[in-house]
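What follows is a single structure, written as structure tokens, with notes after it.
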Amino acid sequence: MTKSGDGFRAVFELLKLPTDVACGDTRIYMIGKSKLKIENYRSVLVYSETMIKIQLIHKKIVIEGEQLQIRYYDKEEMEIIGCIEVLRFE
Amino acid sequence: MSNWDRLLEGRVKVEIKGHDIERFLNISSKRNLLIEQVYQNQFLTTPHDFKEMKTVARKTKVRLKVKGRQGLPFFLFQNRKRKLLCIGLMMFAFILFVSSFYIWDISFIGNRRFTDDILSKYLESLSVHAGRKKSDIKCEDLEAEIRNTFSEITWVSVEIRGTRLIVNVKENEALTEIAELEKSPCDLVAGKRGIIKEVIVRNGFSCVKVGDIVEQGALLVDGTIPILDDAGNTVFLHETHADAEIIAETKHELVKKLALSRVEKVRTGEKRSGLYIRIFGYTIYLLPPSCSKLFWEFVIDQSQLCLLRNFYLPVYWGAVDAYEYGEYERFYTKEEVEKIGQRYLQEYKEKLSEKGVQILGNDGKIEGNESGWTITETLTVMENIAVEAKTSGKYEEN
């Protein structure tokens, strides 16, 4: 995040406003090891049954596992199901 | 998205081949094209979005191949020439529509003292039953009728949901009213012949003492109390409501007559299983044929068709088991008669015990002749024999 972005974040934190909504941060929810939901992503970089790489706002996330399936996705959110073994940021 | 939406909108299963699959997925999502269940280079999309995807596929140099179609639009297209199917579907929809104007199930909630059977029979007497038009039922009136008839029901709510009539009731756990004490003047007379064992007079003038043998109808306690002056003459008759407990030893005679024989059903072991369907009052049994000339007993496990939670229809079905049985006349043995007599006596004893009657003993006799069996049981009990009767006016002449 830029310096001005950091400034905004500091202001939002001071006002006790949710920074993820205000700054558009990525949100990741994981249910067990079989379901993963990502909100505010940019694009899919790599897709295969064993590895999915996704471009987030500032970073990349790598999901490794077996029988990975993108259950649904649209402009803002994506749900991945399957046997998730590794979750890594790059 | 719900399964219903998926079914109505239809889905196309597409196989994707090429080097730039990720780019295709990203551009599709940016253009708001629906992509679901991406797995093994296959995904689902709507027929409309699939057409839009062709330009994206050309741009990203991937090949799309339709692997399957599912949903209502494809079903209708495939069956567009089947007129009878179309007529059948329309008739089905029409029958459903007409059926939705009627009540097909009545449920009771919250009733404990009054069983479903009692309440159903009561509603039947008001012409409220399965098959009645919904518009003919006034819920408020029905609520008032139920409240007025069953005083123990303190709250009732009748509602129509779908094709169901749901009657919610709340019963009063405590006594609704305390019985008012009778105040009118009366005497107490003997309800039965017996030997007096105990006399407890609360109100009135006792005419019997312990050890007396009284016949039925004999005066036990006089409700008219004479007020005497110093010379012993009656100056005034005070009429009261006689109240007493006159415990006496009495005898109850029970007589039960049985025929010499009875008709008994015996299953032969032959069984047929099948289906049972009842639609709008018409019943169909789907059973394997049989050439037996004996009788059949049917055991049905019935279920009612329910499309949604509150949308019941007059269609019943279930498994039916038919058991063949034969009838023959069987003579009672003395042991069987004794058992019947004992069971009958036991039931009678239980009824007496519930009333608080003390049983001292019993004496039984079984007689059999050409006309049948006669079971005679004599019970010796201790009970209150006092019953209320109008004042005799014994002292009126004085």
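Residue numbers begin at 1 in each chain, while the letters A, B, ... track the order of the sequences.
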Compare every heavy atom of B:S99 with every heavy atom of B:L313, then report the nearest pair and how far apart it is.
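That closest heavy-atom pairing would be CD2-CB, 3.6 Å.
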Exercise: do B:N172 and B:T154 side chains pair donor with acceptor under 3.5 Å:
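Absent: no donor and acceptor within the cut-off.
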Does [X] reach the side chain of [Y], with side-chain heavy atoms less than 4.5 Å apart?
| X | Y | result |
| --- | --- | --- |
| B:N168 | B:W155 | yes |
| B:L119 | B:V167 | no |
| B:V56 | B:L33 | yes |
| A:K37 | A:E39 | yes |

Given the side-chain rings of B:F298 and B:Y276, with only the six-membered ring counted for Trp, is the space between their centroids under 6.0 Å?
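Centroid distance B:F298-B:Y276: not below 6.0 Å, so no.
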Is the distance from the ring center of B:Y39 to that of B:F43 below 6.0 Å?
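For B:Y39 and B:F43, the ring centres are not under 6.0 Å apart.
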Contacts with chain B made by [range] (heavy-atom distance under 4.5 Å), listed by residue number:
| range | result |
| --- | --- |
| residues 42-55 of chain A | A:R42, A:S43, A:V44, A:L45, A:V46, A:Y47, A:E49 |
| residues 73-90 of chain A | A:Y73, A:D74, A:K75 |
| residues 64-71 of chain A | A:Q67, A:L68, A:Q69, A:I70, A:R71 |

Under the 3.5 angstrom rule, does the side chain of B:E171 hit a backbone N or O of B:R112 as a donor-acceptor pair?
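Yes; judged by distance alone, with no hydrogens or angles, the pair exists.
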Under 3.5 Å, is there a donor-acceptor pair between the side chain of B:Q304 and the main chain of B:W104?
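Checking the backbone N and O of B:W104 against the side chain of B:Q304, a donor-acceptor pair under 3.5 Å is found.
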Is the shortest distance from a Lys or Arg side-chain nitrogen in B:E159 or B:R164 to a carboxylate oxygen in the other one below 4.0 Å?
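Between B:R164 and B:E159 there is no salt bridge, as every charged N stays at least 4.0 Å from the carboxylate O atoms.
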Could you name the residues of residues 12-28 of chain B that have a heavy atom within less than 4.5 Å of a heavy atom in chain A?
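Against chain A, the residues of residues 12-28 of chain B that fall inside the cut-off (heavy atoms, under 4.5 Å) are B:E22, B:L25, B:N26.
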Just wondering, are more than 12 heavy atoms of other shown residues or ligands nearer than 6.0 Å to [atom1] in [X]?
| X | atom1 | result |
| --- | --- | --- |
| B:F280 | CZ | yes |
| A:K60 | NZ | no |
| B:H48 | NE2 | no |
| B:K30 | NZ | yes |
| B:R63 | CZ | no |

